[in-house]
Amino acid sequence: MVKTQIDTQYEAVIGLEVHAQLKTASKIFCGCSTKFGAGPNSQTCPICLGMPGVLPVLNRRVLEMAVKTGLALHCKISPYSRFARKNYFYPDLPKGYQISQYELPLCEQGYLETAVNGRIKRIGIHRAHMEEDAGKNLHEGLEAASHVDLNRAGVPLLEIVSEPDIRSIDEAVAYLKTLRDILVYLDVCDGNMEEGSLRCEPNLSLRPVGQKEFGTRVELKNINSFRFVQKAMEYELRRQEKVLREGGRIAQETRLWNTEKEITVVMRSKEEAHDYRYFPEPDLVPLMIPEDLIEEVRNGLPELPDAKRERFVREYEIPIYDAEVLTISKDLAHYFEACVAIYPQPKTVSNWIMTELLRELNNSGQEIADCPIPPERFAGLLKLIEDGTISGKIAKTVFEEMYRTGRSPEEIVKEKGLVQISDAGAIEVLIEDVLAAHPNERESYRQGKTQLLGFFVGQVMKRSQGKANPGKVNELLKKKLSA
Amino acid sequence: MKLSKEEVEHVAKLARLAVSEEEKEAFSRQLSEILTYVGKLNELDTSKVEPTSHVLDLSNIFRDDVVRESLPPADVLANAPDRENNHFRVPKIIEERE
């Protein structure tokens, strides 16, 4: 008898395998360039082509970056580590094996913490190890053949494997974003999923809520953007749930995400289960990582996003939300701090960055690094508001002009005659005009409809083309109306 | 130590070797003999010996992260059985199945 699965509630169990391309100039075991977008097979040599008799030598920067990342992920750095050969055949793998790490990986037993729906979730890092990338296969527009470009073969990767601690897609996405932030902050990876410098392979399974054992897991490959990571996982969990509800069983397999159809399809089935016959790489000598080197790297770690966020809240007394937005990138956080150093009113700076600046950057598709307004001028604009030279409203217009032309706020204000009118005499003239133009409203106000004050303020501001000091207008209007 | 015919088939498949039925029988016998011979080492007590993965007494050999000139693509592709537009041309790789 088939047990009915209709009422069962399922829980997802997810682990993520992330490959991060390390930002070195040259490949992991040879001097070929790692630059993206070069002509096919123009960045290869006998070593990365796997010619007989060549000898790979480890790029020191790869080790440094890997140790740095491991420490940032709270991993134990193995004092003794070595490389291994992972043997398999594929057209993009010139040697017939990939140099990777198997036993004795460089980093183990770490974790990262990420905020999911307002709560901090700790996700374990099983291991992180160094390896070389494979080449690239191209199929598009080719009928009977595939093309192989080996420029990517030998590019350094750090494979970061999480524990299966993730219980929802929200958590998986949060983990991935946090991990990317950390890698980018550490300056070890550019985090670009579209160019393949960050790749994510989730493995997912479902189990009835309350069950301790994991269900059979499926590994997903071929996902090349953040948006698709989420979509692919959603699709796969729906698929698995349907199979289970219909009384079926999940096959342990690798499935490929199909971007056009937005579905996952089987890649390799179990009968060809991985049999990589790992063994220690005889061409590379072992690594002995001295304790003082680990300490040196640890002391040189930059402030990570989490720590920065906490410090912003503490030091600048801005809301958590502001701190989160401002620490999205290291450059943006730096911009904020540079502005606050000149104009020490953090909340005002934060407001202007989050609304005006981020909107302009967004509209022009630029990064903060390309921002045409240096912090000095940004702060300069805020000073002009504070000392009453211009109104907040006018300042927004000035800001747009600054962004467009890269000119200083003082220059723009002077040239366009935008200086705020604070002179009582000048404002009174405007008020007289407005009151004369609206005798009915004035009468209503006198009879107690005092909420009309806002209307009058608006009219005066309009007449001054936004240049009147709103505080002054308010004050003088009240006096005038109750006279 | 005995290596079965199925194990010979599996290893041959992993190594992309085509072997005939007679060869499978012969290899099964020969490989078993080799394994038995090497298996003699199991008679030694190695419980107090550090595992050796490298015969050289060396560690931490590095190169600096400096870009050096690569080969010209024409040289890279010189040994390739087939090529097209500076790519290696290989039989169509089927990555999907439905």
Side-chain angles (χ1 to χ4, degrees), chain A residues 24-26 29-35 39-46 48-49 51 57-63 80 82 87-92 135 137-139 142-151 222 256 258 265-267 269 272 275 277 279-282 284-289, chain B residues 3-4 6-19 31 35 38 41 49-98:
Chain A
T24 55
S26 66
F29 300 123
C30 66
C32 287
S33 169
T34 56
K35 205 168 264 167
N41 294 302
S42 62
Q43 292 173 170
T44 59
C45 74
C48 55
L49 289 169
M51 294 294 169
V57 182
L58 179 62
N59 182 337
R60 187 194 309 270
R61 286 289 289 152
V62 172
L63 179 67
Y80 181 86
R82 67 175 176 227
N87 300 280
Y88 66 95
F89 286 107
Y90 213 67
D92 60 17
N137 301 317
L138 300 106
H139 320 284
L142 298 169
E143 276 300 307
S146 292
H147 283 172
V148 182
D149 173 7
L150 295 177
N151 284 349
N222 200 36
L256 287 174
N258 183 313
V265 293
V266 182
M267 180 182 175
S269 58
E272 281 181 77
D275 188 350
R277 295 147 295 148
F279 63 87
E281 167 58 85
L284 288 158
V285 297
L287 301 167
M288 313 272 272
I289 322 282
Chain B
L3 199 72
S4 71
E6 288 70 35
E7 284 168 313
V8 172
E9 280 170 351
H10 179 62
V11 174
K13 191 178 172 193
L14 289 175
R16 300 293 188 276
L17 293 174
V19 284
L31 289 169
L35 282 173
V38 177
L41 290 172
V49 181
E50 285 265 323
T52 306
S53 60
H54 289 80
V55 290
L56 299 174
D57 190 21
L58 281 176
S59 63
N60 296 0
I61 306 290
F62 303 115
R63 41 171 283 273
D64 291 329
D65 184 24
V66 175
V67 174
R68 292 176 58 178
E69 210 178 319
S70 296
L71 287 179
D75 289 359
V76 172
L77 295 158
N79 294 332
D82 201 359
R83 68 201 75 113
E84 198 168 33
N85 305 327
N86 278 351
H87 285 96
F88 293 91
R89 189 172 186 274
V90 299
K92 181 97 180 156
I93 304 163
I94 310 292
E95 282 191 331
E96 290 189 18
R97 188 171 93 190
E98 274 173 85

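Lettering follows sequence order; numbering is per chain, from 1.
Interface remark: Asp82(B) contributes no atoms to any contact with chain A (heavy atom separation under 4.5 Å). Heavy-atom distances place both the backbone and the side chain of Val90(B) under 4.5 Å from chain A. Proximity to chain B involves both the backbone and the side chain of Pro286(A), based on heavy atoms less than 4.5 angstrom apart.
Side-chain contact between Lys35(A) and Val67(B): absent, with no pair of heavy atoms (C-beta onward) separated by less than 4.5 Å.
Closest of all the heavy-atom pairs between Asp275(A) and Leu14(B) is OD2-CD1, 3.3 Å. Between Val57(A) and Ile61(B), the shortest heavy-atom contact is CG1-O, 3.9 Å.
Between Asn59(A) and Asp65(B), the side chains place a donor N or O and an acceptor N or O closer than 3.5 Å (distance only, hydrogens not considered).
A distance of 14.0 Å separates CZ of Arg68(B) from OG of Ser33(A), quoted to the nearest 0.5 Å. Rounded to the nearest 0.5 Å, atoms CG (Asn137(A)) and NZ (Lys92(B)) are 10.5 Å apart.
In terms of heavy-atom pairs under 4.5 angstrom with chain B, the leader among Gly135(A), Pro280(A), Cys45(A), Ala144(A) is Ala144(A). Of the listed residues (Leu138(A), Leu63(A), Leu49(A)), the greatest number of heavy-atom pairs within a distance under 4.5 Å of chain B belongs to Leu49(A). The most heavy-atom pairs under 4.5 Å with chain A, out of Asn85(B), Asn86(B), Asn79(B), come from Asn86(B). Among the candidates Leu77(B), Leu56(B), Val55(B), Leu58(B), the residue making the largest number of heavy-atom pairs closer than 4.5 Å to chain A is Leu58(B). With chain B as partner, the option from Ile289(A), Leu150(A), Thr24(A) having the largest number of non-hydrogen pairs under 4.5 angstrom is Thr24(A). Here Phe89(A) is the residue among Phe279(A), Phe89(A), Tyr80(A) with the most heavy-atom pairs under 4.5 Å with chain B. Options Cys30(A), Cys32(A), Cys48(A) differ in how many heavy-atom pairs under 4.5 Å they form with chain B, and the most are formed by Cys30(A).
For Met51(A), the CE atom counts as densely surrounded, since its 6.0 Å shell holds more than 12 non-hydrogen atoms of other residues, nucleotides or ligands.
When atom types are taken as modelled, the side chain of Asn41(A) and the backbone of Pro73(B) share no donor-acceptor pair closer than 3.5 angstrom.
Applying the ring pair (Phe, Tyr, Trp, His ring centres under 6.0 Å) test to residues at least two apart or on different chains, the pairs with a partner in residues 73-93 of chain B are His147(A)-His87(B).
Listed by chain and number, the residues in a side-chain hydrogen bond (donor to acceptor under 3.5 Å, both in side chains) with Arg63(B) are Ser26(A) (sequence neighbours excluded).
We find that Arg60(A) and Asp64(B) are joined by a salt bridge, their nearest charged nitrogen and carboxylate oxygen being less than 4.0 Å apart.
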